[in-house]
Protein chains: 2
Amino acid sequence: MSTIKDIAKHAGVSVATVSYVLNNNRYVSPEKKERVLAAIRELNYAPNAAARGLRARESRTIGLIVSDISNPFYPDLAKGCEDEAQKHGYAVHMINTNDQPERMRQAAAQAREGKIDGLIVTSALEADRELLQSLRERGFPLVLAHRRLEGLDADLVESDNFEGGLMAARHMLRMGHRRIAFMSGVAGSPTSKLREEGYRQAMKEAGIDVPPEWTLSGEAKYTASYERMLGYADMPPDERPTAVINMSDVGAMGVLDAAADRGLRVPEDVAVMGFDDLFLAAFRSVRLTTVRIPRYELGRRATELLLERLSEASRDARHVVLPVELIVRGTCGGEQA
Amino acid sequence: MSTIKDIAKHAGVSVATVSYVLNNNRYVSPEKKERVLAAIRELNYAPNAAARGLRARESRTIGLIVSDISNPFYPDLAKGCEDEAQKHGYAVHMINTNDQPERMRQAAAQAREGKIDGLIVTSALEADRELLQSLRERGFPLVLAHRRLEGLDADLVESDNFEGGLMAARHMLRMGHRRIAFMSGVAGSPTSKLREEGYRQAMKEAGIDVPPEWTLSGEAKYTASYERMLGYADMPPDERPTAVINMSDVGAMGVLDAAADRGLRVPEDVAVMGFDDLFLAAFRSVRLTTVRIPRYELGRRATELLLERLSEASRDARHVVLPVELIVRGTCGGEQA
DNA sequence: GTGAAAGCGCTAACAA
DNA sequence: TTGTTAGCGCTTTCAC
């Protein structure tokens, strides 16, 4: 690989001149400029990123932490992040933690080594709090995406989870249901809690008491949801919930499949809703009514915020809440033609 | 951030000594070593990656090019790549090209700038050939994953596509089908071509002629496949294929849904197979028979090859073919209890 | 055993 | 308008 010196020699100018034309930040006479440009072309030169980074004390790359990229929730988010970063000349480092705190620690190390200029943390866990806090205290740019961490002084981009729960439950109510179950996620997840609060609010407005068996928590995954639904299916028909809201579309698939396995018709015997609006929700054989979470936008906005923070002096932590949207398909009835 | 100088001063030693303990490559007296370690802890020091990279002329990061991370085929591959890289102290740069040649060009620029030490290219397109070739000619480490590019001098990791097509068709034959359609992917894709060759081989073995309407090509996506299936459904029952093999599980979903929309029972009226074995293939309401592509392993092996190439002197291009597996579920009948 | 210093490739302050 | 040079933080040769 050729260096700036090679270019300088080849063009018969000083390295400073080459640097000036490279960065276009000083006047350089047309002839010299042309010679430099020609040399660059001829030698197929590209300035070394490490050297630049060392001088400039920045890497122009941001880190994106996801717990598991093969969870279909994240790819869109990652894409939003990458598209936005890319637009501003930043690269993105993907870091899968697989929910191992050790991996989070390695990410923090990359931050201290200057490998990344800022970090987007999706689905932050309570266990990460201390580490993230210490990063923030050292002034490292950080934005949380999708999941909040109460009390952490960092930018946050999330979807309107309370509203999502509210709108899901209201929709069920509107369709005539009274016994509506809300399958929440792992206990303690703020996302899940917020959605459940929205649900409870709607139920309260409707004057309905929510017995504990309507809000079983557990994983929002397929199997765990499938099993919870089996439990409901086995209840006496006049006690069994006639509507089930699951925290994720994949979970809702489990609910749908359990209902089918027990001979329950959807939506006649049981109405089902999910959250996310994954591509599979739109399949004709599924047609899942769901609350769309703007995943791409979550990633895009988080990146936007991070980049702003990178270029501006310190400012207060911001909190952006993205609207969610009710997508009515077939699993609750009431579908538009 | 503290630098090696700060540590040296703080510990009362030279920067060289600090470097020695950091890299553990020279004898350092226990006392000094301890003092250095203490200073590192106290000042929360981490060596600057750019400076190291500049010296060492390596970034310890690899680039991973995918056309679209939100295509459910890629996340597992990306994860395999990331896990393997991570194990060897490498980071991974994700690059979504969205099939824009411009993005590929930017990736190449990153390579020339030394931002990445090597590149894994998934689903390489014919249009990328020249760029990739020029990278190889400059000796840049490159491995192709999933899709081959005939004649490109680079390592390649792919799944056994011919065998996959063969095993899919043979399975259909075994289930008693004779009119078996193979919905191939976009014309010219080597992956698709190989699979189709396997299919043709099986048909030939069975002494069956394959009329052109059985091998319609198109996108392997949901909608395109849905529509192709509608075409088959509208054929007279005694001409219509009784079995359909699609190039992807998502495509197979389209086939399944089209069949359902036309009142065709699966597998009685039409048997359906996919390729990939995505998570959705296992849903109880789907139970798609499919050819499993080892996506994670594709990413992992590609990374392994790349890392070997990074550490060893130049060697001949290698070609690894990963076995595929027939996963029998319900859409072709013959499911195990 | 340990340290001084050169140098990786680049930018920018300063000099001419 | 252009060039010389110091220095970013680190590793490593060479000398002691």
Side-chain angles (χ1 to χ4, degrees), chain A residues 1-40 43-61 89 109-117 138, chain B residues 1-40 43-61 89 109-117 138:
Chain A
M1 282 292 75
S2 45
T3 76
I4 198 172
K5 270 191 195 164
D6 300 322
I7 303 301
K9 196 173 304 171
H10 200 270
V13 299
S14 75
V15 294
T17 302
V18 177
S19 176
Y20 300 148
V21 350
L22 243 25
N23 299 291
N24 202 30
N25 54 0
R26 284 269 196 300
Y27 180 89
V28 174
S29 69
E31 316 88 274
K32 291 206 172 180
K33 191 171 200 164
E34 192 34 63
R35 264 153 54 204
V36 170
L37 261 14
I40 289 175
L43 303 189
N44 202 278
Y45 167 79
N48 179 279
R52 277 193 158 169
L54 178 56
R55 266 291 316 197
R57 331 173 96 50
E58 62 168 29
S59 59
R60 293 191 80 78
T61 109
Q110 305 224 347
R112 291 187 300 133
E113 290 167 7
K115 265 199 134 168
I116 54 187
D117 296 338
R138 275 187 236 118
Chain B
M1 280 291 76
S2 44
T3 75
I4 199 172
K5 270 191 194 166
D6 300 323
I7 303 301
K9 197 174 304 172
H10 201 270
V13 301
S14 73
V15 294
T17 301
V18 177
S19 177
Y20 299 149
V21 349
L22 242 26
N23 298 290
N24 201 30
N25 54 0
R26 283 269 195 300
Y27 181 89
V28 174
S29 69
E31 315 89 275
K32 292 206 173 180
K33 191 172 201 163
E34 191 37 61
R35 265 155 51 205
V36 170
L37 260 15
I40 288 175
L43 302 190
N44 202 278
Y45 167 79
N48 180 280
R52 276 193 159 168
L54 178 54
R55 264 294 310 200
R57 341 175 86 55
E58 62 169 27
S59 59
R60 294 191 79 77
T61 107
Q110 304 225 346
R112 289 187 302 131
E113 291 167 6
K115 265 199 133 169
I116 53 186
D117 296 338
R138 275 186 236 119

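We name chains A, B, ... by the order of the sequence lines, and we start the count at 1 in each one.
- If you check C:dG3, D:dT11, C:dG9 against the side chain of A:N48, the one that comes closest is C:dG9.
- Atom NZ of A:K5 and atom C1' of D:dT5 are 12 Å apart (whole Å).
- In this model, a side-chain donor or acceptor of A:Y20 finds a partner on the base of D:dG3 within 3.5 Å.
- Contact annotation: A:N25 does not reach the phosphate of C:dT11 (side-chain N/O to OP1 or OP2, under 4.0 Å).
- Among the heavy atoms of the strands lying under 4.0 Å from A:T3 are primed sugar atoms or P, OP1, OP2 only; no base atom is included.
- At the heavy-atom level, B:V28 lies under 4.0 Å from the strands shown only through sugar-phosphate atoms.
- Taking side-chain N and O atoms only, B:K32 has a distance below 4.0 Å to OP1 or OP2 of C:dG3.
- Rounded to whole angstrom, the span from the CE atom of A:M1 across to the P atom of C:dG9 amounts to 11 Å.
- Near DNA chain C, meaning a heavy atom under 4.0 Å away, the residues from residues 50-57 of chain A are A:A51, A:R52, A:R55.
- In this structure, CD1 in B:I40 is found 11.5 Å from CG in B:D6, a value given to the nearest 0.5 Å.
- Between B:T17 and the phosphate of C:dG3, there is a side-chain N or O to OP1/OP2 separation shorter than 4.0 Å.
- Residues A:A46 and B:E113 come closest through the heavy atom pair CB-CG, 4.1 Å.
- Atoms CG and CG, on B:N48 and B:L54 in that order, are 10.0 Å from each other to the nearest 0.5 Å.
- Nearest heavy-atom pair, B:K33 versus B:N24, reported as atom, atom and distance to 0.1 Å: NZ-OD1, 3.7 Å.
- Summarising the geometry, the separation between CG on A:N23 and C1' on C:dC10 is reported as 9 Å, rounded to the nearest angstrom.
- In this structure, the helix from C:dG1-D:dC16 to C:dA16-D:dT1 shows an angle of 50° between the axis at its start and the axis at its end, each fitted on 5 base pairs and rounded to 10°.
- Between the CZ atom of B:R26 and the P atom of C:dT2 there is a distance of 12 Å, rounded to whole Å.
- Within the model, atoms CG of A:L22 and CD1 of A:I7 stand 8.5 Å from one another, a figure rounded to the nearest 0.5 Å.
- Residues A:A16 and B:G12 each lie close to DNA chain C; by heavy-atom proximity, the contact nearer the 5' end of the strand is made by B:G12.
- Atom P of nucleotide C:dG1 and atom CD of B:E34 are separated by 19 Å, given to the nearest angstrom.
- Distance B:Y45 OH to D:dC10 C1': 7 Å, rounded to the nearest Å.
- When all heavy atoms of B:K115 and A:A49 are compared, the pair lying nearest together is CG-CB, 3.5 Å.
- The two atoms that bring A:S14 and A:A8 nearest to each other are C-CB, 3.7 Å, heavy atoms only.
- Counting all heavy atoms, side chain and backbone alike, A:R52 lies closest to A:N23 at NH2-OD1, 3.3 Å.
- The CG-P distance, from A:D6 to C:dC8, rounds to 11 Å in whole Å.
- Taking OG of B:S2 as the start and CG of B:N44 as the end, the distance is 7.0 Å to the nearest 0.5 Å.
- The listed nucleotides are C:dT2, C:dA5, C:dT11; the one nearest the side chain of A:I4 is C:dT11.
- In this model, the phosphate group of C:dA4 is not approached by any side-chain N or O of B:S14 to a distance below 4.0 Å at OP1 or OP2.
- For D:dT2, one of the phosphate oxygens OP1 or OP2 lies less than 4.0 angstrom from a side-chain nitrogen or oxygen of A:S29.
- Regarding A:N24, its CG atom lies at a distance of 13 Å from the P atom of C:dA12, rounded to whole Å.
- Going from atom CG of B:L43 over to atom OG1 of B:T3 covers 9.5 Å, rounded to the nearest 0.5 Å.
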